[in-house]
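One structure below.
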Amino acid sequence: QVQLVDSGGGLVQAGGSLRLSCAVSGRTFGSRAMGWFRQAPGKEREFVAAINWSGEITRYADSVKGRFTISRDNAKNTVYLQMNSVKPEDTAVYYCTTRSLGLVATRPNDYAYWGQGTQVIVSL
């Protein structure tokens, strides 16, 4: 069983920065692709960013490209989402997720395990 613990959310002003973290249990972290999704009230869960097992390949939603950066530290079993130049429309609950395969994916159904979510609120 894989467990994910999201953290780092909070209230931030538009234009500011925030870094989300996700700690993953188990010995297979280094072989897994990781992803971040978000869900705003009344909306479906949407893809934000993904990273492959080695950290060499990343993929981003168009809405966050150039502002957000996903990274991982395999020695710490942790994945990060650095959020810069945040906008009010980035307000959502952010979820960390993982899959057994090491390749990046962008659909929620591609992932098997999810964190509990961390709330991000961007104010004007």
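- In the displayed structure, K43 atom NZ is contacted under 6.0 Å by at most 12 heavy atoms of other residues, nucleotides or ligands.
- With V79 as the partner, the side-chain contact (heavy atoms from CB on, under 4.5 Å) test is satisfied by one option alone out of T97, I51, L4: I51.
- The environment of E89 atom CD is dense: over 12 non-hydrogen atoms of other residues, nucleotides or ligands sit within 6.0 angstrom.
- Hydrophobic clustering of Ile, Leu, Val, Met, Phe, Trp and Tyr side chains at less than 4.5 Å, counting indirect connections, unites V12 with W36.
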Worksheet entry | From CA spacing to verdict: salt bridge (charged side-chain N to carboxylate O under 4.0 Å, His left out), D110, R107 | CA-CA 5 Å; D110 291 327; R107 301 174 303 174; 2.8 Å; yes

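- Of the possible polar contacts, one joining the Y60 side chain to the I70 backbone as a donor-acceptor pair under 3.5 Å is found.
- Formation of a donor-acceptor pair under 3.5 Å by the D73 side chain with backbone atoms of N77 is not found in this model.
- Surrounding CD of E46 are more than 12 heavy atoms belonging to other residues, nucleotides or ligands, all under 6.0 Å away.
- When each of R38, Q116, R45, Q119 is checked for a side-chain contact (heavy atoms from CB on, under 4.5 Å) with V93, only Q119 meets the rule.
- Between the side chain of T91 and the backbone N or O of V122 there is at least one donor-acceptor pair closer than 3.5 Å.
- Listed for the T78 side chain is a donor-acceptor partner under 3.5 Å among the backbone atoms of K76.
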Discussion item. Could you walk me through whether S123 and L11 satisfy the side chain to side chain contact (heavy atoms under 4.5 Å, CB included) test, starting with their C-alpha distance in whole Å, then the side-chain angles of each, then the deciding distance to 0.1 Å, before giving a yes or no?
Written reply: CA-CA 7 Å; S123 64; L11 176 64; 4.2 Å; yes

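- Centroid-to-centroid, the aromatic rings of F37 and F47 come within less than 6.0 Å.
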